[in-house]
Structures are given as C-alpha cells and as structure tokens.
Amino acid sequence: MNGKIGTKASVGRKVGFDRRNLLKMTGTGMAALSVGIAASGQAIAQPQMKLSDTWDKTFAKSDKVDYKKVTFKNRYGIILAADLYQPKNASGRLAAIAVSGPFGAMKEQASGLYAQTMAERGFVTLAFDPSYTGESSGETRNMASPDINTEDFSAAVDFLGLQPNVDRDRIGAIGICGFSGMALTAATSDSRIKAVATASMYDMSRSMSRSHKDGYTMEQRHKVIDYISQQRWIDAESGKYALGYHEVPFDEKGNIVKGKRVLPDSLPADPDPVLVAFFNYYRTPRGFHPRGINSTTAWTATTPMSFFSFPMYANIEMISPRPVLLVAGENAHSRYYSEDVYKEASDPKELVIVPNADHVDLYDQMDKIPFDKLTSFFKQHLA
C-alpha cells in the first residue's frame, strides 16, 4: 500500500458536496436500462433463482483461492446467493469473515474484491447479495430493510459456521458503505460475530431520515415521509412498486425531486466531485455490473420508510468487549459517519483514516484499501 495509514487525528481537505444537487443531477432525464427492471421503471419479480455459472466479477480471479457459488436461507426464509472464497491448500479449521456492501452494489463488485483478498490472506470468506437484490431471492425486487439486511449478516454467519473447515468461534464481518450499519447492528445482537470492520461507512437510517450531514429541516423530514406515504397509495392502486431515490432530494423551491435512476448515463456539465467518484465506479467498466442497482436502476421509492422507523446500531455499546475497526478516506464525504460511530462505540475500537482517499477509493483501489490493517485486525481478534 502506498502512503501511510492515518490516525484519528488525520486532517484532510473537505470535498465540496451538496447532496440535494447531486441527487437532482442523477435523476434528470434518465431512461431505465433493460437489465433487472421493466421498461416502465417498475421493479420486477424474480420467480426463481438462476445463478450465473461464469466469472462475471469486476475484478480479476485470483489463483490463490478456491471459489464457488453457494446459497443459504436467512431467518425470514429468503434464499441468499453468495460467493465462497477459501485459501488454497489450507488445513485445519480457519477463521471466517462475512462481507457485504456497498448499498446498491452486488457481490461481484467491492464486497467480492474484499472477500477474495482476505481469502488470499488466510480466511474463509463469504460475499453475499443482500435480500431482494442481485442473485438473492425475495420480493419485491430492489428493496432494502434495516431489519432484514441486518439478519442477512447473521444468516451468513450461520452458513460459515456450518462449513467443516471453519472454526465457528472465529467469525467476523466486514460491512462496506451502506452495509456497514447493518454489520454493526448485527454485531450488537449476535455475539457470534467476534470482530466487525467497516469501510467507507454510511449510516443508511441517518442518511435517509436526516440527509447528508443531517441537512434536512424538520419541515423537509415531514415532507419526505408524506411523499413516501402517498407513494404507498400509488403502489397499492397500481399493484406495482415504483422506483425512486432512497435519499430524497429537494430542489431550489423546496419541492421533492423524483427520479428512477441512482446514477445518469453520462455526467452533466460541471458535476459535483462526489457524483464523479460514484459515476467513475458504477457507470464505467471499472465497477459496472448489470445486476448492480447503482449501475442500472434505483431502489423502490418506499424503501426509506423503514429506515425512518429503525435507527441502525442503536445498542452499539453491546458490541464491546468485541472489537470494532472503522476505515474511512481522508477526503470522503462520508467520513463523519465513521468518526461519529467511533465516538459512540465502547472499547476496544479503532478509527483508521486513509490519506488522500475518498469514499469510493476504498471500494477497489488496492493501493489505498488498508488490507494489511484489516488482516492484522482479524488475525488478532479471531485468533
């Protein structure tokens, strides 16, 4: 890794960021792609699972690990699709790590890269598609739930603990971006997760209910829940679930901006740098995947409803004495999430700020993701 890993005291420049304008730009005049959604922009049902049997990841396949696709059920009966990575020629019972995220990404993207890399370093790892997304089952498609997606992590622990080469007392979790909150929440109530790490953390409950840096006014929060509530009437009458922004923006006149795409087909003139960072991952060959929500479509418009009702990691003190590692980019617009969690969490805890890295750099930039730190953290605490 190039450069030196920063500490909690690291100070970097602030990236200019206006969430309202970013989300407004991403929704302008975009037609939905045909993969994973209907032409009308409605989420479509997945009647049965059909797993791809080809290597369709956004990263190269490693010759140091064994890989296979697997499925398992969560506590709600939803069948999850996952990729199991195991170090070649390893013997004995190994430590294991469940991995998921970012929010709107699939196991073929960042979580798979993390899982494969950690398997190269001696762990059995499982990168899974959350319920209702990717190759996992569940209806309605493109829906997220703070409860069910937290359960997905515990279900992944179930699966890993049943593998003959896994020591079920040595299982950890990694949450990336929006699934960091689910990983932390799972650890608050599932003591089988012996150590938890996050990368480019996003708290989706806080983001959806309060906006970036808690920017919603109380009036705007009420407008958002009224918009979502009225959308339920529309969905109920049509029998379909409309797509929409999961982080609802407002225009200059204070009106809610609606759209059916997270990211545009092309960048507008003078784009926000955060939009550029996300676009350069999800909408280019670097990170594009046809099953990825952020690459092709959007979440259901009513997705924010449950996130308003259920805050993530409300009982974060329950993770202790198990350890928490929080990794964030020095220049990440999301850095404050990791810093705030660090303040709330009980010891043992550690905050690592990666110099000259933004939020998306920690998805796939191998010279910036602190894999050495992640490896030492899990080797120490899953010993």
Side-chain angles (χ1 to χ4, degrees), residues 19-47 76 78 102-106 129-149 178 202 204-205 207-212 216 220-251 253-265 275 278-279 282-283 289-310:
R19 191 70 180 172
R20 179 195 67 194
N21 290 336
L22 167 59
L23 290 174
K24 181 181 178 182
M25 288 186 293
T26 64
T28 304
M30 294 299 116
L33 296 185
S34 60
V35 179
I37 54 175
S40 64
Q42 305 296 335
I44 59 175
Q46 179 175 302
Y76 297 104
I78 297 169
F103 196 74
M106 303 296 101
D129 284 338
S131 296
Y132 310 107
T133 69
E135 293 185 300
S136 290
S137 70
E139 296 181 25
T140 296
R141 306 306 298 165
N142 297 1
M143 185 180 74
S145 161
D147 180 13
I148 296 173
N149 294 146
Y202 238 80
M204 298 314 303
S205 289
S207 175
M208 291 188 205
S209 66
R210 297 180 181 273
S211 192
H212 180 68
Y216 282 155
Q220 287 175 321
R221 296 182 75 197
H222 279 290
K223 283 185 177 181
V224 172
I225 62 171
D226 186 57
Y227 154 63
I228 298 168
S229 301
Q230 296 305 314
Q231 184 63 50
R232 289 196 65 137
W233 286 127
I234 298 171
D235 291 351
E237 290 171 347
S238 68
K240 300 177 181 179
Y241 296 90
L243 301 177
Y245 295 132
H246 59 281
E247 295 165 307
V248 180
F250 288 83
D251 63 20
K253 296 181 179 180
N255 299 315
I256 284 175
V257 178
K258 301 178 182 180
K260 298 179 180 179
R261 286 286 302 276
V262 174
L263 292 170
D265 279 325
L275 171 61
F278 281 119
F279 183 93
Y282 288 112
R283 294 296 296 153
H289 198 278
R291 288 192 295 273
I293 291 172
N294 292 341
S295 289
T296 63
T297 180
W299 296 91
T300 55
T302 56
T303 286
M305 180 168 277
S306 57
F307 287 88
F308 265 82
S309 302
F310 297 98

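- Judged purely by atom type and a 3.5 angstrom limit, Asp129 uses its side chain to pair as donor or acceptor with the backbone of Glu135.
- Here the CE-CZ distance, from Met143 to Arg141, works out to 9.5 Å after rounding to the nearest 0.5 Å.
- Counted by atom type alone, Thr303 and Thr300 present one or more donor-acceptor pairs between their side chains at under 3.5 Å.
- The two residues Ile228 and Ala301 come nearest to each other via the heavy atoms CG1-O, 4.4 Å.
- To the nearest 0.5 Å, the span separating OG1 on Thr302 from OH on Tyr227 amounts to 9.0 Å.
- The two residues Phe103 and His246 have their closest heavy-atom pair at CE2-CD2, 3.7 Å.
- Across every non-hydrogen atom of Tyr202 and His212, the tightest pair is OH-ND1, 4.4 Å.
- Annotation: side chain of Tyr241 is not in contact with side chain of Asn142 (no heavy-atom distance under 4.5 Å).
- At distances below 3.5 Å, not a single donor-acceptor pair connects side-chain atoms of Arg261 with backbone N or O atoms of Gly244.
- Scanning both residues, Phe278 and Leu263, for their nearest heavy atoms gives O-CD1, 3.9 Å.
- Listed here is the closest heavy atom pair of Met208 and Tyr216: O-CE1, 3.6 Å.
- A donor-acceptor pair under 3.5 Å links the side-chain atoms of Ser209 to the main chain of Ser205, judged by distance alone.
- Residues Lys260 and Thr297 are not in side-chain contact: their nearest non-hydrogen atoms beyond the backbone lie 4.5 Å or more apart.
- Once rounded to the nearest 0.5 Å, the distance linking CH2 of Trp299 with CG of Asn294 reads 8.0 Å.
- Using modelled atom types, one finds a donor on one side chain and an acceptor on the other under 3.5 Å when comparing Asp147 with Tyr76.
- Contact annotation: the side chain of Ser229 approaches that of Met305 to within less than 4.5 Å [non-hydrogen atoms, C-beta and beyond].
- At most 12 non-hydrogen atoms from other residues, nucleotides or ligands lie less than 6.0 angstrom from CZ of Arg210.
- Two residues are said to be in side-chain contact when any heavy atoms from C-beta on lie closer than 4.5 Å; Gln231 and Ile234 meet this criterion.
- With hydrogens and angles ignored, the 3.5 Å screen pairs a side-chain donor or acceptor of Thr296 with a backbone N or O of Gly292.
- The two atoms that bring Ala144 and Ser306 nearest to each other are O-OG, 4.0 Å, heavy atoms only.
- Summarising the local packing, CZ of Phe310 is surrounded by 12 or fewer heavy atoms from other residues, nucleotides or ligands at distances under 6.0 Å.
- In this structure, Ser295 contributes its side chain and Pro290 its backbone to no donor-acceptor pair below 3.5 Å.
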Ile256 and Phe250: side-chain contact (heavy atoms from CB on, under 4.5 Å), yes or no, with the steps? CA-CA 4 Å; Ile256 284 175; Phe250 288 83; 3.5 Å; yes
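- Rounding to the nearest 0.5 Å places CG of Asp251 at 11.5 Å from NZ of Lys258.
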